[in-house]
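To start, the structure itself, in structure tokens.
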Amino acid sequence: QLQLIESGGRLVQAGDSLRLSCAASGRTFSDFVMAWFRQAPGKEREFVAAITRTSQATTYADSVQDRFSISRDNAKSTVYLQMNSLKPEDTAVYYCAADYFGSGSQYPSEYEYWGQGTQVTVSS
């Protein structure tokens with residue numbers, strides 16, 4: 001089993017920056033494609049960003065392209081989400097997820113492991 005623990009979420013103002021972290025344990029971290037998803041109240045969980053096992057490729061949702069950046073440190077078994085120019089519509093619970101078999105899908109059902117989430121609230 002792979003355990004994922006997110007951290008870094010908090011209340012910020014529009015235009016601020018924030019970095020989320022997700023620490024993994026229990027399995028070999030570099031075996032997994034990693035991603036961030038988010039879920040706002042009353043909405044479905046949506047894809048934010050993904051990164052391949054050796055950081056060769058990243059993908060982003062259109063809504064966060066050019067504002068968010070995903071990265072990973074395999075030596076620390078940690079994936080990060082740097083969020084800049086935050087907007088109120090970025091308010092959500094942010095989840096990290098791990099996919100052993102895939103290549104960076106945008107579909108939550110493709111990911112086998114999930115963290116418990118961290119709340120990000122952006123005030124206007």
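In what follows, every heavy atom counts, from backbone to side chain, and hydrogens, waters and symmetry copies are set aside. The structure presented is a predicted model; accordingly, all values stated were derived computationally and were not measured.
- Using a 4.5 Å heavy-atom threshold, the side chains of Asp31 and Phe29 count as separate.
- The OG1 atom of Thr78 sits 10.0 Å away from the CG atom of Leu4 when rounded to the nearest 0.5 Å.
- Residues Gln13 and Ser123 are in side-chain contact: their nearest non-hydrogen atoms beyond the backbone lie under 4.5 Å apart.
- Pro108 and Gln106 make their closest contact through CD-O, 3.7 Å (heavy atoms, listed as atom of the first residue, atom of the second, distance).
- Surrounding CD of Gln65 are more than 12 heavy atoms belonging to other residues, nucleotides or ligands, all under 6.0 Å away.
- For Val120, the side-chain contact (heavy atoms from CB on, under 4.5 Å) test picks out Leu18, Leu20, Met83, Tyr94, Val122, with sequence neighbours left out.
- Taking CD of Gln1 as the reference point, atom OG of Ser25 lies at 11.0 Å (rounded to 0.5 Å).
- Both Val12 and Val64 are assigned to one and the same hydrophobic cluster, defined by single-linkage of ILVMFWY side chains at heavy-atom distances under 4.5 Å.
- With hydrogens and angles ignored, the 3.5 Å screen pairs no side-chain donor or acceptor of Arg72 with any backbone N or O of Val33.
- Here the side chains of Gln119 and Leu11 are not in contact, with every heavy-atom distance at 4.5 Å or above.
- For the pair Ser124 (side chain) and Pro88 (backbone), a donor-acceptor distance under 3.5 Å is absent.
- For the pair Asn84 and Ser17, the tightest heavy-atom approach, listed with the atom from each and the gap, is OD1-OG, 3.0 Å.
- In terms of the side-chain contact (heavy atoms from CB on, under 4.5 Å) criterion, residue partners of Ser7 (sequence neighbours excluded) are, by chain and number, Ser21.
- Under the 3.5 Å distance criterion, the side-chain polar atoms of Glu112 are matched with a main-chain donor or acceptor of Tyr100.
- When atom types are taken as modelled, the side chain of Glu6 and the backbone of Gly117 share a donor-acceptor pair closer than 3.5 angstrom.
- Arg45 forms no cation-pi arrangement with Phe37, by the criterion of a distance under 6.0 Å to the ring centre and an angle within 45° of the ring axis.
- Between Trp36 and Val79, the closest side-chain pair of non-hydrogen atoms falls below 4.5 Å.
- Pairing each heavy atom of Ser105 with each of Glu110, the nearest pair is OG-CG, 3.2 Å.
- A cation-pi contact, defined as under 6.0 Å to the ring centre and within 45° of the axis, is absent between Arg27 and Phe32.
- Atom CD1 of Ile70 and atom OH of Tyr60 lie 6.5 Å apart (nearest 0.5 Å).
- Closest non-hydrogen pair, Ser30 versus Arg53, comes out as O-CB, 3.3 Å.
- Phe101 and Tyr113 fall within the same hydrophobic cluster, defined by Ile, Leu, Val, Met, Phe, Trp and Tyr side-chain heavy atoms under 4.5 Å apart, directly or through other members.
- Interatomic distance, Ser55 OG to Asn74 CG, rounded to the nearest 0.5 Å: 6.0 Å.
- When the side chains of ILVMFWY residues are joined at heavy-atom separations under 4.5 Å, either directly or via intervening members, Leu81 and Leu2 end up in a single hydrophobic cluster.
- Classification of the Trp114-Tyr95 ring pair by plane angle, with boundaries at 30° and 60°, yields perpendicular.
- Here the straight-line distance linking atom CZ of Arg38 with atom CD of Glu44 works out to 14.0 Å at 0.5 Å rounding.
- Taken from CG in Asp66 to OG in Ser85, the straight-line distance is 10.0 Å, to the nearest 0.5 Å.
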